[in-house]
Q: 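Just passing along the structure, written as structure tokens.
Computed over heavy atoms, backbone and side chain alike; hydrogens, waters and symmetry mates excluded. Chain A is the first sequence line, chain B the second, and so forth, proteins listed ahead of strands; every chain is numbered from 1. Being a predicted model, the structure only gives us computed values, none of them experimental.
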Amino acid sequence: MSDLRGMFVDTSICTGCKACQVACKEWNDLPMENEAAVRDHTAFTGNSYDNTVHLSATNWRHVKFIEQIGPDPSTADRSDPRWLMMSDSCKHCVQAGCLEVCPTGALYRTQFGSVDIHQDVCIGCRYCVGACPFGVIAFNQRTGRVNKCILCQDRLEIGMGTACAKACPTSSLTFGTVGELQAMANERVKLLHSRGQTDAYIYGWDLGNSGKITAGPNKGTAVKDVEVVGGLNVFYLLLDKPEVYGLPAHAALPQRNFVPSAGVALISAAVLGVTGLAAFRRNRMAENAIAEGGD
Amino acid sequence: MDLQNSDAIVFMGSNMAECHPCGFKWPMKAKAKGATLIHVDPRFTRTSAMCDQYVPIRSGTDIAFLGGLVNYILTNKKYFNDYVVAFTNAATLINANFKDTEDNDGFFSGYNATNRTYDHATWQYQTTKAPERVPEPPAGGAPGQGKEGGVGTSGPPTTGTVKGANFAALIANRLPGQPLQDKTLTDPNTVFQILKRHYARYTPEMVEKICGTPKELFIKVADTLIANSGPDKTSAFVYAVGWTQHTTGVQLIRTAGLVQLLLGNIGRPGGGIMALRGHASIQGSTDIASLYNIHPGYLNVPDASKSHDTLLNYILTETQPTSFWSNTPAYVISQLKAWFGDNATADNDYFYDTLPKITGDHSHLPVMVEMSQGKIQGMILTGQNPATSLNAAFQRNAMSKLKWLVVLDFYETESSVFWKHADAKPGDIQTEVFFLPAAHVAEKDGSMTQTQRTIQYHHKASDPPGDARSDLFFWHDLGLRLKKLYAAGRPGAKNVEGIKNMTLDYAPDPAEVADWIHKDEPSAFKIFKEINGFDYKTKAPLPSFANLLADGSTAAGAWIYTGMLQLVNGQLVNRGEMLPGKNDGWVSPNWGWAWPANRHQLYNRASADPAGNPWSAKKKYTYWDAAAKTWKNDPGDGIDFAPTKAPSTPANPTGIGIAFHDGASPFLLKKDGKGWLFAYEGTVEGPIPTHYEPWESPVKNLLYKQDRNPLTKIYDVPGNKYNEFAGTQFPTVITTYRVTEHHLSGTMTRWLPWLAELMPDLFVELSPELAKEKGIANGDYVRVTSERGVTEARALVTKRLRPLVVNGQTLHQVGMPWHWGYQGIATGDIANNVSSFVADPNVSIHEGKAFTCQIEKGRARA
Amino acid sequence: MPTKYVLPPEWEWPITIALFIAGIAAGAYAAMGLIHFAGDKRDQAVAHRLGFVPLPLMLVVPLLLIVDLGQPGRFLNLLVKSPAAVERGGPLMFNSNSPMNWGSWAMVIFGAFAAIAFADALHHSGRVRFTWLEPLSHNIVVLAIGELLALVVSGYSGVLLNVTNQGVWSDTWLMGALFICFSELSGLAVALIVSDRMGTVRTSAALRTALFYAATVSAVVLLLFLASMAAQQDGSLTALIASLHELVGPVFWIGAVGLGLLVPLLYLAPRRLVPVPNASLSLIGILVLVGVLAFRYAVFFSAISFVQS
Amino acid sequence: MAIDTVTSRRQFLKLTGIGTAGIAAAELGGLGFDLAFAGQRAARRKLEGTKQTASICPYCAVGCGTIVSAKSDGGRTTIVNIEGNPDSPINTGSLCPKGAATFQLAVNPLRTTKVLHRKPGGADWDAEPMTRDQAMTRIAQLYADSRDATLVERDANGKLINQTTGIFALGGATNDNEENYLIAKVNRMMGVVRIENQARI
């Protein structure tokens with residue numbers, strides 16, 4: 001565990017400044033998603049302060065904005081206003097769907113436990129795109145290969161941390177060893193609970209915390225730590241249900257379907273074989289019947 | 001950084017999380033330690049999202065809110081009595097003829113309606129009799145006269161002669177009497193009692209009526225502040241241009257000053273009023289002023305309307321005999337020496353006469369008005385973009401009257417191509433325009449001063465590309481060329497002595513340019529040294545402003561910066577350097593250098609009680625070490641007080657400068673050494689902050705007959721028509737602001753792909769309630785209009801904005817960031833099309849934060 | 001509230017066609033095998049003629065897939081480990097967790113069996129003589145292995161869709177079965193056409209029954225598929241229906257269900273259930289092929305991605 | 001003066017405060033764990049052979065420290081990376097989105113690097129190039145002419161004012177102190193009092 005590197009994303013102190021998004025683009029030299037749209041004034045979404053919409057081959061980080069000014073968006077009630085923000089990226093799952101299905105070995109597990117891509121191996125089959133439960137890895141039309149956050153593999157290799165975590169002004173993103181980060185996260189959750197902010201829980205690992213949402217449309221709903229696909233090396237402290245942040249409540253490996261699916265396939269094949277044989281058999285018997293009748 | 005020590009922080013007039021994200025890490029550290037964060041703002045912003053309390057308020061009513069706090073503190077007797085009595089002028093008696101706005105329909109005594117000014121006579125302290133005056137020689141007498149003279153002679157900084165006289169004795173001859181005080185605070189003429197009467201009507205109910213802030217929320221703020229102030233607790237206020245950009249800006253900030261003085265939160269760790277400034281070196285450009293009215297070091301520019309006709313009179317006018325400003329002569333003369341060099345002597349008044357004098361308000365707005373009238377021939381823009389600034393169309397039109405314009409910048413700013421604007425007719429614009437590409441901060445040496453007055457020296461990492469050069473190179477080059485022109489002699493040229501004598505020799509040492517392509521880059525370090533100051537003979541840098549003399553033997557460009565360059569056992573040490581490993585503690589006194597004298601916390605003597613002991617162990621900072629007979633500060637901050645002046649030192653009626661104060665007077669820059677709850681001078685529209693409505697407001701003043709600041713600077717010129725006050729045509733309050741993703745007018749961000757895509761388009765934030773009223777859907781194009789013009793923006797409908805109930809009627813507020821223009825990748829309409837020229841009477845700052853507009857669905861242009 | 005926040009892999013036409021063709025190839029091979037196993041001397045002719053079908057198709061398939069990758073040089077990375085992929089051992093590339101690897105290998109090997117069948121067909125067509133081939137090409141074991149590979153080729157892509165996190169695709173276990181069924185349908189359809197053209201009435205009769213049975217099985221599997229979708233608590237069926245929009249809807253119901261299943265069920269039933277105008281077996285075969293193509297299309301273009309916006 | 005040159009990985013680490021270990025450091029520089037794994041695979045080598053210089057973020061007034069990495073090639077230097085300086089007690093390595101984009105402010109194809117001139121009445125910049133020296137000669141001439149034409153020696157009351165009324169110098173808040181000092185000094189030497197910057201706006 002002490003070998004694993006990851007990040008702890010404490011959404012309770014994320015100011016949504018997007019420094020992480022830019023720092024990521026700066027270090028990884030990523031272009032803008034769609035310059036034409038910006039120049040033609042079609043890029044403005046009106047979705048709070050989010051204009052990059054989701055992760056992509058050129059946005060390896062994406063900050064989400066969820067406005068919860070009052071319990072019900074459709075009424076004037078503005079009690080307990082919240083503006084939830086969360087910086088999203090590849091979670092570097094302990095069991096990574098993309099990695100599992102990659103047919104070329106382009107996706108691989110690094111010495112830091114993260115998932116990196118050999119750009120010179122990827123054939124652009126896009127299977128990993130369909131396999132990722134979080135919609136992280138994406139096809140890059142420019143290169144015909146897939147891209148995603150690689151946990152700044154090249155920085156880690158020269159002993160640095162991730163560019164995004166370094167840039168984060170409030171340490172909402174913290175880079176470190178997963179073990180230390182879990183301890184830190186657990187401490188943080190306990191502190192928030194002790195101050196009455198019982199919404200706080202961990203998404204990615206089950207550290208045994210549970211509480212109740214204190215504001216917004218889901219006020220009163222119980223929440224508890226969830227371990228996702230064997231654990232996430234990049235994990236989150238959330239203040240509302242995962243779905244609110246666009247995270248699946250029950251993410252799973254695509255492989256869960258492999259054996260059953262293949263099994264059912266075999267059975268159906270067998271049935272088809274049998275019916276085929278039966279068909280011939282039936283016809284031949286019919287023929288014979290006719291033949292006998294003919295005598 | 002000190003904010004991490006606060007127990008409660010009120011953000012008001014600031015959106016710190018969005019506009020100063022990295023500074024915001026310190027309040028977040030305080031929050032992690034359990035501090036309460038409060039955001040008082042018209043909009044629920046990313047800052048509000050991080051705060052424990054969000055408190056809505058109507059733009060421009062902050063004085064009512066803060067005055068409400070003052071009243072709440074006074075009526076509930078929650079002020080920090082020992083601090084208030086000892087360190088503020090609460091106990092001081094004011095002239096009995098003083099009349100307050102309460103008894104005068106919103107005016108103080110001394111108002112002159114014809115020229116809209118105040119006579120401050122009735123605002124003065126009651127004092128003991130001033131020391132005996134000695135007869136003074138007529139001005140213009142021979143040097144040395146007036147040396148004899150009864151009263152106390154003063155120390156070196158004030159001794160010296162200029163053409164006409166030795167001024168030391170003359171300064172001594174201007175000592176006033178000691179202010180009279182009533183420490184019981186009961187005398188009706190005490191500042192304390194006046195304050196009580198003045199704010200008596202600023203009740204929570206009144207606050208709710210005026211500000212639209214629910215009473216409970218207001219009281220919660222007050223109680224939080226009170227609970228987190230006192231001997232072992234401190235609270236801080238944080239503001240930015242949300243406070244300055246009002247016709248009442250200065251008074252607004254003063255009101256916060258009153259609250260903090262009453263709660264004893266000034267000069268103490270975790271206390272204070274934090275000003276967050278907007279530009280990388282805007283602090284530096286105020287200290288080393290590129291402003292019309294101050295010379296570097298906050299020395300007033302010679303003014304034709306004051307007694308500044310000779311250097312002697314300038315010195316006698318500007319020198320305050322009873323404050324730290326008693327040292328003014330040394331600062332003035334050292335500056336003149338730095339500017340004019342060898343030939344500058346007492347006999348020629350150090351070329352004082354060659355310096356231009358101001359003849360009125362030459363600040364941005366009035367100069368633009370002059371420009372619109374064709375009175376300005378040429379303009380040089382150093383990284384500023386007026387073409388998208390207030391009442392943008394007015395400023396662009398004014399620029400079209402220029403004969404010539406020089407723009408120094410990175411990208412083709414709107415101003416550099418103002419003649420390309422959609423509404424412009426280039427053929428009719430006879431302006432010759434030069435665009436000179438500028439150098440990036442990483443492409444030059446130099447120092448910048450950040451918002452906590454810390455000077456940091458940065459180094460060149462690369463040559464600028466192509467023809468790009470530093471602005472330093474430009475101004476140096478221009479200066480040399482001009483000197484050459486005038487040295488050659490220009491027929492009919494007047495007042496050329498100054499030009500000929502002003503020093504401009506900053507040619508670099510070979511080592512400084514060895515690595516670089518450009519060998520003619522002037523030496524920023526040599527200028528840095530000149531600003532710091534040096535012994536004129538030995539040319540050795542001076543360690544402190546205390547070493548500056550008034551006899552021409554020292555030179556210093558800006559006294560407040562003296563000490564940033566030092567000789568430490570023969571070695572030149574640039575204290576501005578940012579060297580690894582200097583991150584030591586939250587004060588980090590060795591990281592960069594904070595003026596003055598590396599004092600990070602101003603007035604920090606106030607962090608100890610009158611006897612010099614810490615107010616509490618928890619808030620221990622600067623304290624008196626009786627054994628060592630000296631003041632100490634363990635974190636290593638500089639002592640902002642006379643280092644060995646004992647707390648028990650009595651006031652000296654014949655002492656010059658701070659010697660005039662007793663040992664319990666932390667406020668060195670004040671004439672009585674006290675924190676001013678009542679400012680008998682310095683603020684033109686009154687000694688105590690009073691609520692006036694913004695110049696453009698949909699509602700009348702609920703407190704006084706006088707609706708608006710009577711001294712407001714108004715510009716009644718074509719193209720700057722004001723919206724009707726409390727009218728119906730423009731019923732919506734509008735405020736302008738920044739977002740994290742962009743900077744200022746966007747010239748440094750809208751050209752950057754990474755930032756352009758984050759915030760691609762101009763938007764206006766409005767509440768669903770207003771949107772419904774106007775039939776506006778999220779994302780629609782809307783028109784925002786005022787008498788000045790129209791701005792087109794996308795609607796961002798959000799509950800983060802809310803309608804307020806002001807004096808019983810529902811009132812809507814909208815907000816618009818002002819980052820956009822017609823150049824760059826991310827372009828958009830200009831928010832300032834709708835703002836106006838109207839300004840604060842003290843500092844001529846506009847009112848971009850609170851005015852009125854009309855908003856409707858649809859596009860502005862076909 | 002959506003429960004999946006995924007990006008679509010954007011698999012479109014080339015892959016649809018490729019898998020359609022691969023399906024036919026595998027199906028035809030299966031039909032050929034069926035005749036070898038179940039038929040007698042008099043059915044052989046059709047089997048031999050069918051032998052021509054798989055190989056050419058199996059040559060087209062990789063071409064289409066490679067074209068779709070947009071970087072032809074790299075497809076080899078599927079089989080031969082790229083030197084850059086240092087983390088994996090061995091000279092060959094095989095990730096047992098990836099249906100795509102199973103598929104790619106199956107196709108390559110199946111190609112060899114298709115080649116044998118082709119040669120055998122040539123032999124029996126009398127154009128070329130490979131006397132030595134008989135024992136191999138008619139060897140039960142060889143045919144059985146061939147059948148198995150044909151099975152993988154026709155089914156792996158279905159399993160692959162199951163092994164994702166896409167809406168619909170990953171909400172069921174029946175994609176593999178469906179794919180096998182439809183490729184079997186296409187194979188039998190081809191066989192029926194061939195047989196019909198050759199006028200081997202006797203074989204045709206057997207084949208039409210086989211096709212009818214296959215259609216029945218397929219119909220059952222499709223119903224199970226819809227049922228399994230409905231079983232998902234997150235409303236996958238609704239999602240599926242929702243996804244059957246614009247083109248996809250009609251194509252699925254009319255094409256896949258109508259042509260692919262109803263036509264054979266109506267026309268080929270031993271006893272006509274409802275009266276329908278007469279049609280030649282070849283025509284029915286063609287209609288079924290179109291139906292299968294429609295099925296492939298519907299499946300690929302119904303991939304739903306819930307990306308919260 | 002560069003604070004360090006990266007010839008080896010370790011040097012850069014030293015420079016970016018790698019010394020300290022654990023989460024604390026991770027919070028600061030985003031760094032700070034043992035280097036056992038470093039360099040197992042050839043890194044993308046962005047910083048190799050670069051020179052590190054401590055600089056300051058040019059945006060807001062917080063004054064965050066940055067580290068500029070520049071490559072030198074035949075006398076020409078190019079900036080390859082700018083990120084936060086973990087040594088700065090002000091920002092401890094962090095930056096906001098603008099600060100994180102400082103690199104793109106400098107290295108950007110849209111940046112104007114040529115002197116541009118527009119003739120009176122011109123619809124666009126002149127087609128023919130102008131050297132900086134040509135521009136400066138002309139500017140100095142225009143400045144001096146406007147100065148002499150609008151210098152007022154004495155006001156209406158006969159008071160000596162020596163004021164140039166026809167020239168306006170605007171800007172400075174994004175400049176170095178030294179630059180502001182020259183703006184003040186040069187202009188006042190020429191009698192100009194209309195000197196303003198963003199502090200008023």
Q: Is Thr150(D) in contact with chain B via its backbone, its side chain, both, or neither, using a 4.5 Å heavy-atom distance?
A: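 When you check distances to chain B, only side chain atoms of Thr150(D) fall under 4.5 Å.
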Q: What are the two closest non-hydrogen atoms of Ala70(D) and Ala461(B), and how far apart are they?
A: CB-O, 3.5 Å
Q: Does NZ or CZ of Arg147(D) lie under 6.0 Å from the centre of the six-membered ring of Tyr486(B), at an angle within 45° of the ring axis?
A: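 Flagged: Arg147(D) positioned over aromatic ring of Tyr486(B).
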Q: Shorter than 4.5 Å, heavy atoms on both sides: which option in Asp126(D), Val115(D), Val186(D), Asp155(D) has the most such pairs with chain B?
A: Val115(D)
Q: Given 3.5 Å as the limit, does a donor-acceptor pair link the side chain of Arg200(D) with the main chain of Val843(B), or not?
A: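 Checked: pair present.
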Q: Is the side chain of Glu196(D) donor-acceptor paired with the backbone N or O of Leu291(B) at a distance under 3.5 Å, no angle test?
A: no
Q: Glu153(D) versus chain B, heavy atoms under 4.5 Å apart: side chain, backbone, both or neither?
A: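 Side chain only.
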Q: Where does the angle between the aromatic ring planes of Trp404(B) and Tyr143(D) fall among parallel (under 30°), tilted (30 to 60°) and perpendicular (over 60°)?
A: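 Taking Tyr143(D) first and then Trp404(B), their aromatic rings sit tilted (interplane angle of 30° to 60°).
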Q: For Thr137(D), is it the side chain, the backbone, both or neither that has a heavy atom under 4.5 Å from a heavy atom of chain B?
A: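 Both the backbone and the side chain of Thr137(D) come within 4.5 Å of chain B.
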Q: Can you tell which part of Val152(D) gets under 4.5 Å to a heavy atom of chain B, answering side chain, backbone, both or neither?
A: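 Contact with chain B involves no heavy atom of Val152(D) at all.
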Q: Determine yes or no for a side-chain-to-main-chain donor-acceptor pair under 3.5 angstrom, with Gln456(B) supplying the side chain and Gly63(D) the backbone.
A: yes
Q: Do the side chains of Arg111(D) and Asp409(B) get close enough for a salt bridge, i.e. N-O under 4.0 angstrom?
A: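 Salt bridge flag = no for Asp409(B) with Arg111(D).
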Q: For Thr164(D), is it the side chain, the backbone, both, or neither that has a heavy atom closer than 4.5 Å to a heavy atom of chain B?
A: neither
Q: Sequence neighbours left out, what passes salt bridge (charged side-chain N to carboxylate O under 4.0 Å, His left out) with Asp145(D)? Give chain and number order.
A: Arg490(B)
Q: Please name the residue in the list Arg118(D), Lys119(D), His117(D) that meets the side-chain contact (heavy atoms from CB on, under 4.5 Å) test with Glu432(B).
A: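 Only match with Glu432(B) under side-chain contact (heavy atoms from CB on, under 4.5 Å): His117(D).
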Q: Can you tell me how far OH of Tyr59(D) sits from CE of Met748(B), rounded to the nearest 0.5 angstrom?
A: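 So the gap between those two atoms works out to 5.0 Å.
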Q: Taking the side chain as every heavy atom from C-beta outward, state whether Lys159(D) and Lys357(B) have any pair of such atoms under 4.5 Å apart.
A: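 The answer is no, as the side chains (C-beta and beyond) never meet within the 4.5 Å cut-off.
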Q: Please check if the side chain of Asn197(D) supplies one atom and the backbone of Ser285(B) the other of a donor-acceptor pair under 3.5 Å.
A: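 Answer holds: yes.
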Q: According to salt bridge (charged side-chain N to carboxylate O under 4.0 Å, His left out), who are the partners of Lys98(D), at least two apart in sequence or on a separate chain?
A: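 For Lys98(D), no residue satisfies salt bridge (charged side-chain N to carboxylate O under 4.0 Å, His left out) once neighbours in sequence are set aside.
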Q: What heavy-atom pair brings Val62(D) and Thr451(B) nearest, and what distance separates the two atoms?
A: CA-CG2, 4.4 Å
Q: So, are Lys420(B) and Asp124(D) salt-bridged, with charged N and O less than 4.0 Å apart?
A: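 Judged by the 4.0 Å cut-off on N to carboxylate O distance, Lys420(B) and Asp124(D) do form a salt bridge.
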Q: Go through the atoms of Leu276(B) and report whether side chain, backbone, both or neither lie under 4.5 Å from a heavy atom of chain D.
A: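 Contact with chain D: none, neither part.
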Q: Would you say the side-chain atoms of Ser462(B) pair up with the backbone N or O of Thr77(D), donor to acceptor, closer than 3.5 Å?
A: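 Flag set: sc Ser462(B) to bb Thr77(D) pair under 3.5 Å.
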